[in-house]
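Chain naming here is simple, since letters A, B, ... match the order of the sequence lines and numbering starts at 1 in each.
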There are 2 protein chains.
Amino acid sequence: MKDTSLVASSPRRIRQNNEIAALQALHRAKRLSRADLARALNLNRSSSGHIIAELTVAGLVREMEDDRSFPREHARAGRPGVMIELVPDAVLFIGIEIGVEHITTVRIGLSGAVAHSRTEPFDGPAHSAADAIRHAVKGALADLSPEDIERLEGVGISTPSQLRPDGTVHLAPLLGWKNVNLSDLARQYLPGRVPVMVENDANAFAIGAGYSGLEMAGGVTLFVVMESGVGGGIVIDGKLLRGAHGLAGEIGHMLIPTEDGAARNLEEVVGLGSILTLYRKQTGRREASLEDFLADVEDRAPEAVAIAEIWAKALGHALAQTCRIIDPDRIVLGGSVAKLLPLIASRLTAHMKNAQEPGFPLPVVLLNAEANSGSAYGAACMLHQRYLSLESNRFADEPA
Amino acid sequence: MKDTSLVASSPRRIRQNNEIAALQALHRAKRLSRADLARALNLNRSSSGHIIAELTVAGLVREMEDDRSFPREHARAGRPGVMIELVPDAVLFIGIEIGVEHITTVRIGLSGAVAHSRTEPFDGPAHSAADAIRHAVKGALADLSPEDIERLEGVGISTPSQLRPDGTVHLAPLLGWKNVNLSDLARQYLPGRVPVMVENDANAFAIGAGYSGLEMAGGVTLFVVMESGVGGGIVIDGKLLRGAHGLAGEIGHMLIPTEDGAARNLEEVVGLGSILTLYRKQTGRREASLEDFLADVEDRAPEAVAIAEIWAKALGHALAQTCRIIDPDRIVLGGSVAKLLPLIASRLTAHMKNAQEPGFPLPVVLLNAEANSGSAYGAACMLHQRYLSLESNRFADEPA
DNA sequence: GAGGATTGTAATTTCATGCAACATATTACG
DNA sequence: CGTAATATGTTGCATGAAATTACAATCCTC
């Protein structure tokens, strides 16, 4: 239904457009006076006032009361403005991650802050898609009051799967699912009004990692999440690049050369499994954990450092190749294995430089260590983002 | 100056927005009646009429006279609409490609069709940037009447160089340039009103190849241009992905494994130089041309086929790796070497499948054989695209 | 405490779109 | 061949949102 051409404009659509812009500006800035908003949107103060008046009666924004708590850092002359903020619990978004071993559920409010988070063990491959969705969605709704459900404005679902453009799961090898429409399954347990979105777990992670942090900056960002598997996502100016089959950014299966001459998948070299296998073999400690390994690297134990060097070389090669193609502004690493980064960041950049021609600019490589990352959070962010866009169904409801 | 937030809408901006949408729709559809336009833009017929009235007095569109020449293919009941079209020579855009050996100049009109094209030999490395720009721009303006210059709405410049985000040349190794602002140089010879844009030649080619053809479709398209060098560009939903340093899509320097175990640049294997060197060595004909080689491949001469096989394998590997990262909907090959594609397309796809895991979807690989490709054309298209967008300075002029 | 500066609000104006009605032009059908 | 049906283009009017202007309120500086 969404036209390719820019379909803007009608007398009332303008207001909707500006209200959305106002909400987005408030989301970014946390708090803004009416005059600030007018400047940010190139609007007249008068119009700005009308807009926030309408948003106030809608219950989405409010004047901040504890104005005094912010001691007016830039104390300029003139009457101070009253700060406006989003009402955090005006609406509610749920993000669900169905993994191979667990289900994680996250709730966020209009401000994007996490209101609740829960993880439970779950044997994914043992369940059908229908069972898993029923269990996950009903579980997510269980501790919600009727008023909460009234405020529910979106449910996002993240799974380790390959999706079609229409949102159906084409293939989820780790879960054994195939050709199922998770949206339709989930909608059975939700009010019809509530929008549902499904996304690949790596892509959802990328959205989440780029949504709250300071990486919200524009440009091209490559997110790489490293656990037992290695996935990734590309975010361009705050928008996810999905690609033709939702697989953009999946660098885990890039071929990289190894010492023995054979080419192997990146994820087979830098994934958690490979690292631990090597480390356990080297040390003989069959129960050694990632934390043990990290501690050894920090202490510069030779075996551990050698493994970290392999890791850095393989990852550096893959990232350098990727830079050739998308030329990112920054690369953000996440997942448990990424904790290696601060220990050998200089080796990684050295290997990247090495795999690249001299003079080719390289992006910064950052570690994402935020607590509220994870693809469940990202799935919730997707719907938060949708709500703060023209696709929001705050408008479709009006003809009632 | 361009805010990151969506700054739409004021009472008059709406009209500008809709006029632009109308021009874009007319550009895509070639001809549209007022009622067609109203449907395309979700507008009322009345508003549509007002808009094209305003565009008509501005001289940008007109009613088609030879209405009869189109024998009404879908003869439905009802009064037939009068078709509206863009006035091709209402405005003028110039694209200039400064290469290592030649300068190409292209003029296009509002409809995007090429009005004029000229190529002259030019020894790029022998000239400073200032000299080259002066020569190229003055040459491009030489055969223009004063009225033409009045209608000039943009000049695009394409060079084999690495650009900074602000449009200055960071480094142009083939030309020996460094740290020059080509826009500023070019503006000296142009009316101040005329916008100037500078772009990498591979990116400009990508824009041009995706602008007129049917590849104008949405989604992700990877364009690869293969001459002596191998460059490329990525177009997402009609917009160029530049990347942090304008180097996105430059797959020519990807490392690929070769038979002898050493990794080499893609462009050193599949570029024109490598192919001809191999072919000349194999056949002993030191003056053999690319056409000779292509003819031999078509005749299935064993030496030629073997070289083509190397080409297909290397290219297939690189494209497969690229698909892992950006998951394109389609790949379009251009440049003289791309003529190999139709001869061994099946081998290329076989190698791509081979370098990819089973089940991973692969995009179609197409050949761009259009006459009006080339980065000069693409550079002109950039300005055409800009004119049909909100950045157009049709609006900035008004306060006069 | 006076003056300057900035904010929020109200009244008025401007202007593009939507709506409804009508004249017009062509096809479909008896 | 004439009437009905259908679609287009135009006109006048209503609606609604933002710009403009003016004004009161609140704070800082001197």
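Arg34(A) has its CZ atom 17 Å from the C1' atom of dA18(D), to the nearest Å. Atom-to-atom, CG of Asn18(B) to P of dC15(C) comes out at 17 Å; the value is rounded to the nearest Å. If you take CG of Asn44(A) and P of dT7(C), they are 12 Å apart, rounded to a whole angstrom. The distance between atom CG of Asp36(A) and atom C1' of dT6(C), rounded to the nearest whole Å, is 11 Å. Across the protein-nucleic acid pair, Leu32(A) atom CG and dG8(C) atom P stand 10 Å apart, rounded to whole Å. Between Ile51(B) atom CD1 and dT10(D) atom P there is a gap of 13 Å when expressed in whole angstrom units. Rounded to whole angstrom, the span from the NE2 atom of His50(A) across to the C1' atom of dA19(D) amounts to 11 Å. The distance from atom CD1 of Ile14(A) to atom P of dG16(D) is 12 Å, rounded to the nearest whole Å.
The shortest distance between the side-chain N/O atoms of Arg15(A) and the OP1/OP2 oxygens of dA18(D) is below 4.0 Å.
Donor-acceptor pairing under 3.5 Å is recorded for the side chains of Ser33(B) and Asp36(B).
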Protein and nucleotides 4-7 of chain D: nitrogen or oxygen contacts under 3.5 angstrom:
| unit_1 | atom_1 | unit_2 | atom_2 | d |
| --- | --- | --- | --- | --- |
| dT6(D) | O2 | Gly78(B) | N | 3.2 |
| dA7(D) | N3 | Arg79(B) | N | 3.3 |

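The pair Glu85(B)-Lys30(B) does not count as a salt bridge, with every side-chain nitrogen at least 4.0 angstrom from each carboxylate oxygen.
With sequence neighbours excluded, the residues forming a salt bridge (charged side-chain N to carboxylate O under 4.0 Å, His left out) with Glu54(B) are Arg15(B), listed by chain and number.
Among the protein residues, Ser46(B) comes within range of the nucleic acid bases, having at least one heavy atom under 4.0 Å from a base atom.
Closest-nucleotide positions on DNA chain C for Glu54(B) and Arg45(B) were compared, and the one nearer the 5' end corresponds to Glu54(B).
A donor-acceptor contact shorter than 3.5 Å links the side chain of Arg193(A) to the backbone of Leu152(A). Looking only at distances, a side-chain donor or acceptor of Arg151(B) sits under 3.5 Å from a matching main-chain atom of Asp89(B). Of the possible polar contacts, none joining the Asp329(A) side chain to the Thr221(A) backbone as a donor-acceptor pair under 3.5 Å is found.
Closest of all the heavy-atom pairs between Phe93(B) and Leu383(B) is CE2-O, 3.6 Å.
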